[in-house]
Amino acid sequence: MVSHMAGQFVHLHTHTRLSIGASTLMIQAGKKAPPEIAAKTIPAMCIADGMTACALTDTNLMSGCAEFSDALPAKHIQPIIGVEISLNQHNADPKILRESSLSKIVLLAQNHDGYLNLCELSRIMYMRGENHHLGPYITFDELQSHSGGIICLSGAHNGPIGMAILNQQITTSRDYAQHFLDIFGDRF
């Protein structure tokens, strides 16, 4: 996801090596790292591309946020804290669902309240005592209860709207879009 700001762009959906299988990008390299490793860090990428800000959105994880929040300002880059999160958008009993039935959305903290809500959603995902076969996920109800200060990106083809469109379920895609608008308003 790329956002244009005053002629510059900002990555709003960036994975690091913490998102296993999605990226090899590091937040920081070790002090003795060779130049080719140091060039594969988020600050180096931002500097090379002239970015003034960047979002960290690892899949179902916020464990890199502290390091990210320290590393980017040191290079005069605004960190945006976020997460790509698995959403169970179904009304069916989770016991009969498969992991592939979950969709992905991107949530970005707009302010401190948003950051606290991202932390709470993360806690909910990992403290869920049932349905381990689905992995970590949140529901629309949980999202609605903790949506303050959060900007939501649709998840493109991996989000519930995109998945419904790909399955030619246009009415369902509109219903999902309306549901997100009801939760987030102009932050969707």
Worksheet item: Any side-chain heavy atom of Pro79 sitting closer than 4.5 Å to one from Leu56?
Response: no
Taking the six-membered ring for Trp, are Tyr176 and Phe140 parallel (under 30°), tilted (30 to 60°) or perpendicular (over 60°)? parallel
Residues, nucleotides or ligands: over 12 heavy atoms within 6.0 Å of Gln178 CD: yes
Residues Ile80 and Ala53: closest non-hydrogen pair is CD1-CB, 4.2 Å
Sorted by chain and number, sequence neighbours left out, side chain to side chain donor-acceptor pair (under 3.5 Å) with Ser86 holds for Asn60, Lys104
Here the gap from Asp58 atom CG to Cys65 atom SG, rounded to the nearest 0.5 Å, amounts to 8.0 Å
Heavy-atom check, side chain of Cys46 versus side chain of His11, under 4.5 Å: no
message: Is there a side chain to side chain contact (heavy atoms under 4.5 Å, CB included) between Asn117 and Leu107? Walk through the geometry before answering.
response: CA-CA 10 Å; Asn117 278 320; Leu107 304 177; over 6 Å; no
key: Phe9 and Asp49: CA distance, side-chain angles, deciding distance, side chain to side chain contact (heavy atoms under 4.5 Å, CB included) verdict   = CA-CA 8 Å; Phe9 64 90; Asp49 291 341; 3.4 Å; yes
Kindly indicate whether the side chain of Phe180, heavy atoms from C-beta on, has any atom under 4.5 Å from the side chain of Arg187. no
Report yes if the side chains of Gln78 and Thr52 come closer than 4.5 Å at any heavy-atom pair, otherwise no.
-> no
When every non-hydrogen atom of Gly159 is compared with those of Ser103, the smallest separation belongs to C-CB, 3.7 Å
Q | Non-hydrogen side-chain atoms of Ile151 and Phe184 separated by less than 4.5 Å | A | no
Run the side chain to side chain contact (heavy atoms under 4.5 Å, CB included) check on Thr172 and Ile165 step by step: do they pass?
CA-CA 8 Å; Thr172 302; Ile165 290 171; over 6 Å; no
Between the CG atom in Asp113 and the NE2 atom in His146, the distance rounded to the nearest 0.5 Å is 13.0 Å
_Taking the side chain as everything from C-beta on, heavy atoms only, tell me whether Ile150 gets closer than 4.5 Å to Leu108._
no
For Met45 and Cys54, the nearest pair of non-hydrogen atoms, with its separation, is CE-SG, 4.1 Å
Exercise. Step by step, would you call Val106 with Leu12 a side chain to side chain contact (heavy atoms under 4.5 Å, CB included)?
Worked result: CA-CA 9 Å; Val106 174; Leu12 296 178; over 6 Å; no
Quick note, salt bridge (charged side-chain N to carboxylate O under 4.0 Å, His left out) partners involving residues 149-174, not counting sequence neighbours, are none
* Asked: Quick one: do the Thr57 and Glu84 side chains pair a donor with an acceptor below 3.5 Å?
  -> no
In terms of heavy-atom contacts, Pro136 and Leu102 come closest through O-CD1, 4.4 Å
CD1 of Ile42 to CG of Leu72, rounded to nearest 0.5 Å, is 6.5 Å
*Got a donor-acceptor contact below 3.5 angstrom from the Ser122 side chain to the Leu118 backbone?*
no
Separation between NE2 (His157) and CG (Leu166), nearest 0.5 Å, reads 7.5 Å
Check: Under a single-linkage definition using a 4.5 Å side-chain heavy-atom cutoff for Ile, Leu, Val, Met, Phe, Trp and Tyr, are Ile85 and Ile81 assigned to the same hydrophobic cluster?
Finding: yes
Note: Ile183 and Ser147 closest approach over all heavy atoms is CG2-CB, 3.6 Å
Sequence neighbours excluded, the answer for side chain to side chain donor-acceptor pair (under 3.5 Å) partners of Gln110 is none
Between Ser101 and the options His90, Gln89, Met163, the side-chain contact (heavy atoms from CB on, under 4.5 Å) test singles out His90
**Q.** Exam field: side chain Thr14 to backbone Ala55, donor-acceptor pair closer than 3.5 Å
**A.** yes
What one should report as the nearest heavy-atom pair of Ser154 and Ile105 is O-CG2, 3.7 Å
Residues Arg128 and Glu142 bridged, charged N to O under 4.0 Å:
yes
So CD1 of Ile170 and CG of Asn167: to nearest 0.5 Å the spacing works out to 10.0 Å
Tyr126-Val83 co-clustered via ILVMFWY side chain contacts under 4.5 Å = yes
Output for pair (Glu120 CD, Leu116 CG), nearest 0.5 Å, gives 9.5 Å
